[in-house]
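What you see below is based on every heavy atom in this structure, not just the backbone, and it leaves out hydrogens, waters and symmetry mates. Quick caveat: nothing in here was measured; it's all calculated off a predicted structure. Convention: sequence-line order gives letters A, B, ...; per-chain numbering from 1.
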Amino acid sequence: MSEFENHYSMKEYLAQIISESLEQFELEEPPEIRIEEPNQPDHGDASSNIAMMLAKPLRNNPRAIAQQLVDGLKYDEEKISAVEIAGPGFINFRFAEEYLFDELSEILKKGEAFGKSEANKGRRVLVEFVSANPTGPLTVGHGRNAVLGDTVSRLLEWTGAEVEREYYFNDAGRQMRVLGESVRARYLELLGKESDFPEGGYEGEYIRDIAQALVDEKGEELVEAEDEKPFKKKAEEEIFADISGTLKRMKIKMDSFFNEHSLYEEGKIEETIEKLRELGLAYDKDGAVWFKTTEFGKDKDTVLVKSTGEPTYRLPDIAYHANKLDRGFDLCIDVFGADHIATYPDVLSGIKSLGYDPDKVDVVVYQFVTLVKDGKPFKMSTRKANFVTLDDLMDEVGADVTRFFFLMRSPNTHLEFDIAQAKEAGEKNPVFYLQYAHARISSILRKVEEEYDFSEPAQLSLLSHSSEIKLIKTMLKFPESIANAARLREPHHVITYLNELASAFTSFYHDCRILGEEEKLARARMELAKATQQVLRNGLDILGISAPKQM
RNA sequence: GCGCCCGUAGCUCAACUGGAUAGAGCAACGCCCUUCUAAGGCGUAGGUUACAGGUUCGACUCCUGUCGGGCGUACCA
């Protein structure tokens, strides 16, 4: 097909020809042309509301404008088979079948690259996620964070960005001291010594395991230890090893780990305060250092350094974000739970004051996860150890299901993770519907390849059944669907799309056979099935979910 | 009190930065396995999009208010 086809989407093509026809109106400022897909298939494959937008400026009724626009429209009949005016003034387009067949062969040609786009080409993006301090195994709450962060990263990569995944942690805070004390207490306990379990300490069984490991390695050597440090160190090592294992199981690979402590070592914390002081945005009061957040519209100022000399988390957060931007990233995305949202404006104010562009920082906020067990919500706390770890969850339902469930809802809504539903191997579990469609195609291809000769090129124009056409059209929506999910940083759109695709395939499977059909038709349908499988696989790949050949 | 998020079918959720008749899955009911995987398909039923106003050619979507839920609002992270 033409050069044009390879570089521009149908939407861009339509916007182009509309804008050409629009010139006849000699508008001062031509409106943005948006092409949409009608809800009703009867209304065509693509639609524009441009005539309605112009009704007011042109003081004419939209249908008349639409008519004039359509009269002036020059389009390629190999792409567009019909243009209609409908309803209050919509202009509806129908795609030509030649176009569909050309695009289908494009999918096959592009293969695993089909769906990639360039909206973020050349951009260096840092995605910071998980960022759990090493105080215990990752829990279900961290799971949503981890899977969202990783999948948003994948989406950005599919739109051309160069992504670095970073895990930020702090091993120097109060939490970690308490952790060390907790291990020390268990250690002494194991050796039959007297011990005080710290108030608010970590009660999880894993603390005992770490203590046991220390007993095995060092015997009684640490009984006289001056402080909790050796215990903390061991705990950190063990817990990080555990966390890394969990992440790996979920197909998550971090590119870097950033220790908050390095900001202190490099003097970045001091530097940040000094700069804010110079700007008159930081001041001393009651032995603490305050950030003048009232300058940015908050009703109170915020403490940056406590009177104990210990900074609150806002200060290192600001320094950390400055550091990220210093490293030259074009965009920094933070993934965090709704409970952290309050700090975000302060961090933005902070880096803006320091002369950085706050538009380069973006955030994915997700609402809490409720685990539903036996039909009842299940409350969790790491400290109290009545949590369900991510590993437990994956033991129960598997990594694919875990990822899928975390991704199936908009980040902005509370997620109910029903373990019973997730465990269900069959009908109730939406993950398998997608994997099943993929596996089914593999199975068909295995059988069909024995029966037919596929050395000759397929004649795609033999595809004419409405289910076949529908399937092709659905596949063509994939790239835009990915781009959209990436732009909004909302992976659930990919799932919605894949469900639609799997469903379109299943209709095709139901209506059209391959095996037993005349060879030319079988060949064309096999290509269609192959393309479908490719798109399914690409989509599942973005979600980090496996695409099995057999189930 | 104030700020952010949410309220859509019995349940869990979609609805592409304002479009035409609001869609899926589960649950319910009725059909379909001598045909490439029934982990499937077809059909029925289910709605005043929390409520009340407003903006406009058009509102689940934007604005105002009310009610209900979640999370913040610490010299905790």
So that I can tick it off, tell me whether [Y] and [X] are bridged by a salt bridge, with the cut-off set at under 4.0 angstrom between side-chain N and carboxylate O.
X	Y	result
Lys298(A)	Asp346(A)	yes
Glu228(A)	Arg177(A)	no
Lys477(A)	Asp45(A)	no

Without hydrogens or angle criteria, can the side chains of [X] and [Y] be said to hold a donor-acceptor pair below 3.5 Å?
X	Y	value
Asp334(A)	His340(A)	no
Tyr283(A)	Asp301(A)	yes
Glu480(A)	Asn484(A)	no
Ser442(A)	Gln550(A)	no
Ser9(A)	Glu12(A)	yes

Is [X] touching bases, backbone alone, or none of the nucleic acid, heavy atoms closer than 4.0 Å?
X	result
Arg446(A)	nothing
Lys56(A)	sugar-phosphate
Ser307(A)	base
Asp286(A)	base
Lys298(A)	nothing
Gln550(A)	base
Ala529(A)	nothing
Tyr509(A)	base
Ala338(A)	sugar-phosphate

Counting side-chain heavy atoms from CB outward, which of [options] is closest to [X]?
X	options	value
Thr312(A)	A77(B), C36(B), C13(B)	A77(B)
His340(A)	A38(B), A77(B), G72(B)	A77(B)
Ala342(A)	G72(B), A15(B), A38(B)	G72(B)
Ile514(A)	A77(B), C36(B), C13(B)	C36(B)

Name the pairs: protein N/O against N/O of nucleotides 59-63 of chain B, kept only if under 3.5 Å.
none

> Can you check whether Met176(A)'s main-chain N or O pairs, donor with acceptor, with Thr135(A)'s side chain at less than 3.5 Å?
Replying inline: no

- Message: Quick one: does any side-chain atom of His321(A) pair with a main-chain N or O of Asp317(A) as donor and acceptor, under 3.5 Å?
- Response: yes

Does [N] pair with anything, Watson-Crick or G-U wobble, both distances under 3.5 Å, and if so, with which nucleotide?
N	value
C4(B)	G70(B)
A52(B)	U64(B)
C42(B)	G30(B)
U12(B)	A24(B)
G58(B)	none

Quick tally for nucleotides 16-23 of chain B: nucleotides whose base has a protein heavy atom under 4.0 Å get B, sugar-phosphate-only ones S, the rest -, giving BSSBBB--

C33(B) glycosidic conformation (syn if within 90° of 0, otherwise anti) is syn

| query | Say you pick atom P in U35(B) and the same atom in U49(B); how far apart are they, in whole Å? | reply | 46 Å

query = Taking atom C1' in both A9(B) and G23(B), what distance in whole Å separates the two?
reply = 10 Å

request  = Give me the ring orientation class for Phe291(A) and Phe296(A): parallel if the planes are under 30° apart, tilted from 30 to 60°, perpendicular past 60°.
outcome  = tilted

